[in-house]
Amino acid sequence: FMLTQPHSVSESPGKTVTISCTRSSVSIASNYVQWYQQRPGSAPTTVIYEDEQRPSGVPDRFSGSIDRSSNSASLTISGLKSEDEADYYCQSYDSNNHIVVFGGGTKLTVL
Amino acid sequence: QVQLVESGGGVVQPGRSLRLSCAASGFIFSYYGMSWVRQAPGKGLEWVAFIGYDGRNQYYADSVKGRFTISRDNSKNMLYLQMNSLRAEDKGVYYCARDPKEWSEMYFFDYWGQGTLVTVSS
């Protein structure tokens with residue numbers, strides 16, 4: 001299966017942005033969706049796991065959700081800061097076939 | 001604190017082999033499944049392989065199946081990736097990453113290493 005993300009999004013500081021991630025087959029609710037942030041030159045870090053859970057240390061400005069009607073997941077970042085500028089990847093899996101899939105990544109620019 | 005430190009990257013000719021290592025510390029290594037994830041220059045993330053906490057289960061992406069082997073030594077807190085028959089498209093940064101829950105296969109990651117760069121070039 002595939003996970004499709006927009007190539008890039010941009011928004012102004014203080015605003016809210018939402019990044020989508022659409023699964024190509026099987027319900028989005030079948031397996032958890034995760035979101036990873038990757039700043040330039042750095043390793044990825046987890047900002048959302050199990051669709052909507054936030055690891056300790058991740059600000060509550062970050063939230064995740066799934067929408068069964070559109071078979072998609074979303075990462076929403078409110079109160080945008082310049083430090084949020086990064087690439088964001090969604091990720092899910094097929095536990096029956098032991099496959100892990102990443103979306104292509106979305107470059108967030110905070111103008 | 002959890003630390004994952006990769007090593008072993010470098011420049012290798014097409015068709016040759018390379019072994020990557022990942023040293024784990026700050027947690028009970030033998031309790032957690034581990035994966036390798038790679039990133040080609042300027043490209044996105046690609047999962048490569050997973051190994052269960054006890055080493056019995058290994059799973060691979062189709063792109064590396066039959067060429068790469070993931071293994072672990074729980075007595076040394078080490079994860080490995082043996083890469084054979086390397087191709088130009090294998091070039092990239094290789095990260096080791098930890099499964100988030102003990103004694104399970106969750107297929108996602110809570111901690112990542114800083115990565116090691118593999119370059120395949122003649």
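Lettering follows sequence order; numbering is per chain, from 1.
Residues from residues 94-113 of chain B that place a non-hydrogen atom less than 4.5 Å from a non-hydrogen atom of chain A comprise B/Y95, B/K101, B/E105, B/M106, B/Y107, B/F108, B/F109, B/D110, B/W112, B/G113, given in numerical order. Chain A is approached within less than 4.5 Å, heavy atom to heavy atom, by no residue from residues 1-13 of chain B.
Cluster annotation: B/L81 is connected to B/L79 through the hydrophobic network of ILVMFWY side chains, with a link wherever side-chain heavy atoms come within less than 4.5 Å. At a threshold of 4.5 Å between side-chain heavy atoms, the hydrophobic network of Ile, Leu, Val, Met, Phe, Trp and Tyr places A/I48 and A/I19 in one connected group. Criterion: ILVMFWY side-chain heavy atoms under 4.5 Å apart, direct or through other members. Under it, B/L86 and B/Y60 are part of a common hydrophobic cluster. Note on B/I70 and B/F50: separate hydrophobic clusters, where clusters join Ile, Leu, Val, Met, Phe, Trp and Tyr whose side-chain heavy atoms are under 4.5 Å apart, directly or indirectly. Hydrophobic clustering (side-chain heavy atoms under 4.5 Å, transitive across Ile, Leu, Val, Met, Phe, Trp, Tyr) keeps B/V93 apart from B/V120.
B/V37 touches chain A through its side chain: at least one heavy atom from C-beta onward sits under 4.5 Å away, while N, CA, C and O do not.
Residues A/Y89 and B/Q39 come closest through the heavy atom pair OH-NE2, 3.3 Å.
Environment of OH in B/Y31: sparse, with no more than 12 heavy atoms of neighbouring residues, nucleotides or ligands closer than 6.0 Å. Heavy-atom neighbours of A/Y32 OH from other residues, nucleotides or ligands within 6.0 Å: at or below the threshold of 12.
Atom-to-atom distance recorded for A/N97:CG and B/Y59:OH is 11.0 Å, nearest 0.5 angstrom.
Using a 4.5 Å cut-off on side-chain heavy atoms (C-beta onward), A/P44 and B/L45 make contact.
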